[in-house]
Amino acid sequence: MNKTELKEFLDEKVLQYNHPKFIESDPIQIPHQFSKKEDIEISAFLTATISWGNRKMIINNATKMMKLLDNSPYDFILNHSIKDLEHLNSFVHRTFNHIDLQQFIKSIKHIYKKHGGLEESLSVKNNSKTYQKAIHEFKLKFFEINHQQRTQKHVSDPLKNSAAKRINMFLRWMVRNDKKGVDFGIWKTHNPANLSCPLDVHSGNVARKLKLLKRKQNDWKALEELDFNLRKMDKNDPVKYDFALFGLGVFEKF
């Protein structure tokens, strides 16, 4: 395929997969259960945090997590007591357990109380064109309060060359307004042109087959290479191609 054919092919796949039917089998269905901005973004952040492994298991465990937060995540986070946190002791998703969940509750409260909330604390500053520095600084703020060392691994740091797949997916959900009812687009102070593709095994393998990516590891350097090529096809909304790469990998075994 030449560049024009590749763009046409991927644009067609975006239309196919960036569709409300996508929600039915994707973890994005969890924040779609809420209507209040803070409930949407907190449920999305927590769901994205445990989004690795089997998708059905992710959805089941994210649903359990919301039930433990009384299906009112923002209210729970702002007003929880020590006893409320003890009710979370049954939670586990792979290596993310109740200790991590309890820490996330405390740290998210800190983000809302001291840093203006998730939208403000993840905003891109100093004319940067990516979220690399913003995610790094968010992690510093997130762990300003007392915490167990073990929980730090659940928030990625792109300055340490992590592809930060889960936070980039969360950012896509919050920032992109796809006008299709899949991504939310509720963070109006953010610019979708700055988003990076949530790079995982599926999207990485498809990107390599389509010659959008040469680097073998799925790290931040690979993401920069993929960003560069996706932005050539759509500089204002490069991450729409996540739907094409993911759909081709997961649903079509491309």
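Position 1 is the first residue of the sequence, and the numbers go up from there.
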Asks: CG of Asn71 to CD of Gln33: how many Å apart, nearest 0.5 Å?
Replies: 7.0 Å
Asks: Is it the case that the side chains of Ser196 and Asp227 hold a donor-acceptor pair, with the cut-off being a distance below 3.5 Å and no angle test?
Replies: yes
Asks: Is there a donor-acceptor pair under 3.5 Å between the side chain of Ser107 and the backbone N or O of Gln103?
Replies: yes
Asks: Report the hydrophobic cluster partners of Leu6, with the cluster defined as I, L, V, M, F, W, Y residues connected by side-chain heavy atoms closer than 4.5 angstrom, directly or transitively.
Replies: Met1, Phe9, Leu10, Val14, Leu199, Val206, Leu210, Leu212, Leu213, Trp220, Leu223, Leu226, Leu230, Met233, Tyr241, Leu245, Leu248, Phe254
Asks: Mind checking whether His110 and Phe142 have ring centres under 6.0 Å apart?
Replies: no
Asks: Looking only at atom types and distance, does a side-chain atom of Arg172 sit under 3.5 Å from a main-chain N or O of Leu195, one as donor and one as acceptor?
Replies: no
Asks: For the atom pair OH (Tyr112) and CD1 (Ile42), what is the distance rounded to the nearest 0.5 Å?
Replies: 4.0 Å
Asks: Is a side-chain N or O of Lys139 found less than 3.5 angstrom from the main chain of Val155, in a donor-acceptor match?
Replies: yes
Asks: Please report the shortest heavy-atom distance between Thr130 and Ser128, naming the atom on each side.
Replies: O-OG, 3.0 Å
Asks: Could you tell me which non-hydrogen atom of Val239 sits nearest to which non-hydrogen atom of Cys197, and how far apart they are?
Replies: CG2-N, 3.8 Å
Asks: Identify the two heavy atoms, one from Thr95 and one from Lys153, that lie closest to each other, and give their separation to 0.1 Å.
Replies: OG1-CE, 4.1 Å
Asks: Grouping I, L, V, M, F, W and Y whenever their side-chain heavy atoms are under 4.5 Å apart, do Leu101 and Leu85 come out in a common cluster?
Replies: yes
Asks: Donor-acceptor pair, distance only, cut-off 3.5 Å: does the side chain of Asn191 make one with the backbone of Asn194?
Replies: no
Asks: In terms of hydrophobic clusters joined by side-chain contacts under 4.5 Å, are Ile28 and Val250 together?
Replies: yes
Asks: Would you give the length of the straight line joining atom CD of Glu41 to atom CD1 of Ile186, rounded to the nearest 0.5 angstrom?
Replies: 5.5 Å
Asks: Taking the inter-plane angle between the rings of Phe143 and His147 on a 0 to 90° scale, is it parallel (under 30°), tilted (30 to 60°) or perpendicular (over 60°)?
Replies: tilted
Asks: Looking at every heavy atom in both Pro20 and Lys180, which two are closest together, and how far apart are they?
Replies: CG-O, 3.3 Å
Asks: Report the distance from atom NZ of Lys114 to atom CD of Glu144, rounding to the nearest 0.5 Å.
Replies: 10.0 Å
Asks: Which value, rounded to the nearest 0.5 Å, describes the distance between Asn18 atom CG and Lys179 atom NZ?
Replies: 11.0 Å
Asks: Kindly determine whether Asp178 and Lys240 satisfy salt bridge (charged side-chain N to carboxylate O under 4.0 Å, His left out), including the steps that lead there.
Replies: CA-CA 8 Å; Asp178 62 14; Lys240 73 182 186 186; over 6 Å; no
Asks: Within the side chain of Asp84, is there an N or O that forms a donor-acceptor pair under 3.5 Å with the backbone of Ser81?
Replies: yes
Asks: For residues Tyr74 and Phe34, establish whether the separation of their ring centroids is below 6.0 Å.
Replies: no
Asks: Out of curiosity, Asp100 CG to Phe91 CZ, how far, rounded to the nearest 0.5 Å?
Replies: 9.5 Å
Asks: If two hydrophobic side chains count as joined below 4.5 Å and joins carry through other members, does Leu69 share a cluster with Leu78?
Replies: yes
Asks: So Phe251 and Tyr17, would you call those rings parallel, tilted or perpendicular, with 30° and 60° as cut-offs?
Replies: parallel
Asks: In this structure, is the centre-to-centre distance between the rings of Phe170 and Trp187 below 6.0 Å?
Replies: yes
Asks: Using a 3.5 Å distance criterion without hydrogens, assess whether the side chain of Ser203 forms a donor-acceptor pair with backbone atoms of Pro198.
Replies: yes
Asks: Tell me whether His115 contacts the main-chain N or O of Glu120 through its side chain, where contact means a donor paired with an acceptor under 3.5 Å.
Replies: no
Asks: Is His154 reaching over with its side chain to a backbone N or O of Ile50, donor-acceptor style, under 3.5 angstrom?
Replies: no
Asks: Check this for me: does any side-chain nitrogen of one of Glu252 and Lys13 sit under 4.0 Å from a carboxylate oxygen of the other?
Replies: yes
Asks: Taking Lys221 for its side chain and Asn218 for its backbone only, find out whether a donor-acceptor pair lies under 3.5 Å.
Replies: no
Asks: Is it true that Lys37 and Glu119 have a side-chain N and a carboxylate O under 4.0 angstrom from each other?
Replies: yes
